[in-house]
Protein chains: 2
Amino acid sequence: MITKVRRSPNTTIKDIARESGVSYSTVSRVINNFEHIKPETRERVMDAMTRLGYVANQHARSLVGGRSQVIGLLIHAFDSSYIGQIIQGIDEAVAEAHYDLMLYTTHRRKIRESSFVVSLARGLADGLLLVLPRDIEAYLDTLGQQGFPFVLIDYAATSSDVPSVNAANQQGAYDATLYLAKIGHRRIGFITGDMVADSAQERLMGYKQALAGSGIAFEAELVFQGDFYQSKGFEGANSLLSLDNPPTAIFASNDMIAFGVYEAVRNRGLRTPEDVSVVGFDDIPQAAQVHPSLTTVRQPLQEMGRIATQMLLRWIEEDLDEPLGYTQLATELIVRDSACSPVDSVFYRSRSAMPSSDERR
Amino acid sequence: MITKVRRSPNTTIKDIARESGVSYSTVSRVINNFEHIKPETRERVMDAMTRLGYVANQHARSLVGGRSQVIGLLIHAFDSSYIGQIIQGIDEAVAEAHYDLMLYTTHRRKIRESSFVVSLARGLADGLLLVLPRDIEAYLDTLGQQGFPFVLIDYAATSSDVPSVNAANQQGAYDATLYLAKIGHRRIGFITGDMVADSAQERLMGYKQALAGSGIAFEAELVFQGDFYQSKGFEGANSLLSLDNPPTAIFASNDMIAFGVYEAVRNRGLRTPEDVSVVGFDDIPQAAQVHPSLTTVRQPLQEMGRIATQMLLRWIEEDLDEPLGYTQLATELIVRDSACSPVDSVFYRSRSAMPSSDERR
DNA sequence: ACTCTTTATACAAACGTTTGCAAAAAGCTT
DNA sequence: AAGCTTTTTGCAAACGTTTGTATAAAGAGT
């Protein structure tokens, strides 16, 4: 049924052995840097390897060694550059450790998720990274019971014995909201993310907490439920700005939403930040390129990917009996040009028409 | 040096054999759907497999069978959602064929590219997909000589014996420019992509060709050299609009650039499309969400990924002696709200302030 | 020179499959 | 009931490594 494709008969450890006049086990020991090898022999073997262009067969290695040098990465889609940033961090850490990366996208197909986890657990990968997983409950058990190493990214672990990495979402939202309050805003709108994500919940809590801390009463009408996409941001801002008493500032749960807010503000003949201040969350690369450049809460996305990977590798390589708990990374408010004091509005026109964007970083 | 992690002794084909009272080769044949198996035996074996939760060890399989059921994907970064769309297409096709996807990012590290190609060729993957590759020459030979299956995506094959998939960039640019000319524009600005990419070159040619076809003289001052990023779009539009005789329309080499143009137009107190018509290229998801929604040349990105994958799989599985040539996919002009006749400008204000966006699709 | 470590190498088994070959079982034909 | 074909099953070898155990070579100490 399956046609064999047998490529050029690959050079194996035995070819090297023959070529350099030693046994194949010696070759293996040279490859794996064993101590008791006569320098001269080592030399001869190495030589033969480069001459014949030897590359070890990873499958044979995994078969006997049990390790595949591969880690699996499960994501659900390639929305925006949020995920790209995380992957970049992962990729770097993975490459450094000489592992490879197997990619699984779920595209909202729930069922597939748990089924592939099983197959992963059986040899294909040594560990698994899950970014922003939905319905983990389904396969968390499977993973846990098998003692299969895994780390969650951007998932607020409800029980802290689940190894995970995320950002200080609540603190970040708190900082952003407090900043707006500090520069004088009293009516601050908020557009949420998709509330099934923990991060969305946490950001809302941070917003509320900062209001409370600033002596501003929470008003439900100032909160619009979004979904992390630009169009809902547009819609949300339109809704908020249509209020009888509209907000002077809008805090968006991510940068894409903020871009939608930009559009809505403009569409109504208003200006950012003179008429409406805007603050985002994430600090995706576009945030700095946009006009006016976006004041936003920076989430260390690459860092998150990198750290999660390192945690995972430690679990894989050090045969721990306990999992590694969870790590929370600090966020940072990046002040750019999209927010100013409401009182500034009047004087703002004296500034140049083309905002100077990133000068202050 | 390496600590063994030996997980729970996995159930193998032999366990199943013992459990169901047959030999392990029979089990293997049941798994691989051989014809001469007594239905009752098959039943018994299947039963044991589900009971013991058997999953085949892929490494052992590859070792003997030569096939790893993995295909490698080489990309250089996760810019914008352009790459995401392509990956989605790839991922779907790969999943359908029950293969897995190994991800390699090069992050502008040229050297690594060629080195890993070698290691891939030795067992880890059965084939390779390269998206928008730079300096292929370096390792194209390696691949070609080894007879290792590979397909390039979004690379204009100079010699048509290189298997590749891309979009009709020139035709698409031609269509867009012609469209602008048809609705009355005579001065059409153009912002290029990164000219090291073939697609950028082709789009420029399409632009020139359409001008010629419309009896409009090409003017070098109307072409600004960009790099596919939003900030260069902003810069480029500012430059073009500062000309003594500025263009009434700007054709951007991709959607991100078009967004930059949007910003520049606004920043000068002008409006899209009333004062400056804008057309993009790609049709990334954001293009439809933006205000005004962007008229753009749709590149069938997912389709490209899917088709490239299918080509690759055919090469892998059907043991062809000849490679598969190259496939070019048609583009489609998606008319939305960002371009109108220059004469419309005067009357445009009668339209509602909030453009109706995607209604006409 | 003779045992005793230490260093260096070789052999063989194992990892979990697939598959060619051979043997056993079952059906047919006479 | 013997002979033949066809279906069904089992054994063993192979894939390319790693690694435990055994052996050979080389120094060290007497």
Side-chain angles (χ1 to χ4, degrees), chain A residues 1-45 49 52-69 119 121-124 126, chain B residues 1-45 49 52-69 119 121-124 126:
Chain A
M1 178 187 175
I2 292 178
T3 335
K4 273 266 200 66
V5 192
R6 279 264 138 271
R7 273 185 285 289
S8 52
N10 286 320
T11 55
T12 79
I13 214 177
K14 301 202 176 179
D15 299 324
I16 307 296
R18 199 173 328 106
E19 181 81 4
S20 52
V22 296
S23 84
Y24 57 86
S25 54
T26 302
V27 175
S28 171
R29 301 204 152 99
V30 168
I31 293 171
N32 295 16
N33 266 311
F34 269 58
E35 34 193 355
H36 299 312
I37 301 276
K38 200 192 286 179
E40 183 210 310
T41 314
R42 180 187 304 277
E43 184 86 9
R44 208 144 31 90
V45 171
M49 291 202 299
L52 273 62
Y54 171 81
V55 186
N57 179 319
Q58 185 58 49
H59 294 300
R61 281 193 154 166
S62 319
L63 189 54
V64 53
R67 204 73 78 50
S68 68
Q69 299 291 109
S119 88
R122 272 299 263 96
L124 254 190
D126 297 330
Chain B
M1 178 186 173
I2 293 178
T3 334
K4 274 266 198 67
V5 192
R6 279 264 137 274
R7 272 184 285 289
S8 52
N10 286 319
T11 56
T12 78
I13 214 176
K14 301 200 176 181
D15 298 324
I16 306 297
R18 198 173 328 106
E19 181 79 5
S20 51
V22 297
S23 83
Y24 56 86
S25 53
T26 301
V27 175
S28 171
R29 292 195 239 266
V30 167
I31 293 171
N32 294 5
N33 265 311
F34 269 57
E35 32 191 359
H36 298 312
I37 301 277
K38 201 193 286 178
E40 182 209 310
T41 314
R42 180 185 304 275
E43 185 86 9
R44 209 145 29 94
V45 171
M49 292 204 297
L52 272 62
Y54 171 80
V55 186
N57 179 317
Q58 185 58 49
H59 294 299
R61 282 193 153 166
S62 321
L63 189 54
V64 52
R67 203 74 78 51
S68 68
Q69 300 290 110
S119 87
R122 274 299 262 96
L124 254 189
D126 297 330

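Labels below follow one simple rule: chain letters A, B, ... track the order of the sequence lines, proteins then strands, and each chain is numbered from 1. Since the model is a prediction, treat every value here as computed from it, not as a measurement.
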Q.
What's the separation between atom CD1 in B:Ile37 and atom CD1 in B:Ile31, rounded to the nearest 0.5 Å?
A. 10.5 Å
Q: Treat primed atoms plus P, OP1 and OP2 as sugar-phosphate and everything else as base, then score nucleotides 4-10 of chain C 5' to 3': B for base contact with protein heavy atoms under 4.0 Å, S for sugar-phosphate contact only, - for none.
A: ---SBBB
Q.
To the closest 0.5 Å, what do you measure between OG (A:Ser68) and NE2 (A:His59)?
A. 10.0 Å
Q | Nucleotide nearest B:Leu63 (side chain, heavy atoms from C-beta), chosen from D:dT17, C:dC15, D:dC15 | A | D:dC15
Q: Check the distance between D:dT18's C1' and B:His59's NE2 and give it to me in whole angstrom.
A: 15 Å
Q. Got a donor-acceptor contact below 3.5 angstrom from the B:Arg29 side chain to the B:Phe34 backbone?
A. no
**Q.** Nearest-angstrom distance from the residue atom CE of A:Met49 to P of D:dT17
**A.** 11 Å
Q) Between atom CD in B:Gln69 and atom P in C:dT17, what is the gap in whole Å? A) 15 Å
(Q) Distance check needed: D:dG16 C1' versus A:Arg18 CZ, whole Å only. (A) 13 Å
Q. Roughly how far apart are B:Gln69 CD and A:Leu124 CG, rounded to 0.5 Å?
A. 10.0 Å
Q. Which whole-number value in Å describes the distance from B:Phe34 CZ to C:dT18 C1'?
A. 8 Å
(Q) Between P on D:dG10 and CD1 on B:Ile13, what's the gap in Å once rounded to a whole number? (A) 12 Å
Q.
Counting only side-chain nitrogens and oxygens, does B:Arg61 get under 4.0 Å of the OP1 or OP2 atom of C:dT18?
A. yes
Q. When the distance from NZ of B:Lys14 to C1' of D:dA12 is rounded to whole Å, what number comes out?
A. 10 Å
Q) In Å, rounded to the nearest 0.5 Å, how long is the span from CZ of B:Arg18 to OG1 of B:Thr11? A) 10.5 Å
Q. Is the backbone of B:Gln58 close enough, under 3.5 Å, to the side chain of B:Ser62 for a donor and an acceptor to pair up by distance?
A. yes
Q | Nearest heavy-atom neighbours spanning A:Tyr54 and A:Ile13 | A | CE1-N, 3.7 Å
Q. Does D:dT18 have OP1 or OP2 sitting under 4.0 Å from an N or O in the side chain of A:Asn32?
A. yes
Q) Between C:dC15 atom P and B:Asp15 atom CG, what is the distance in whole Å? A) 11 Å
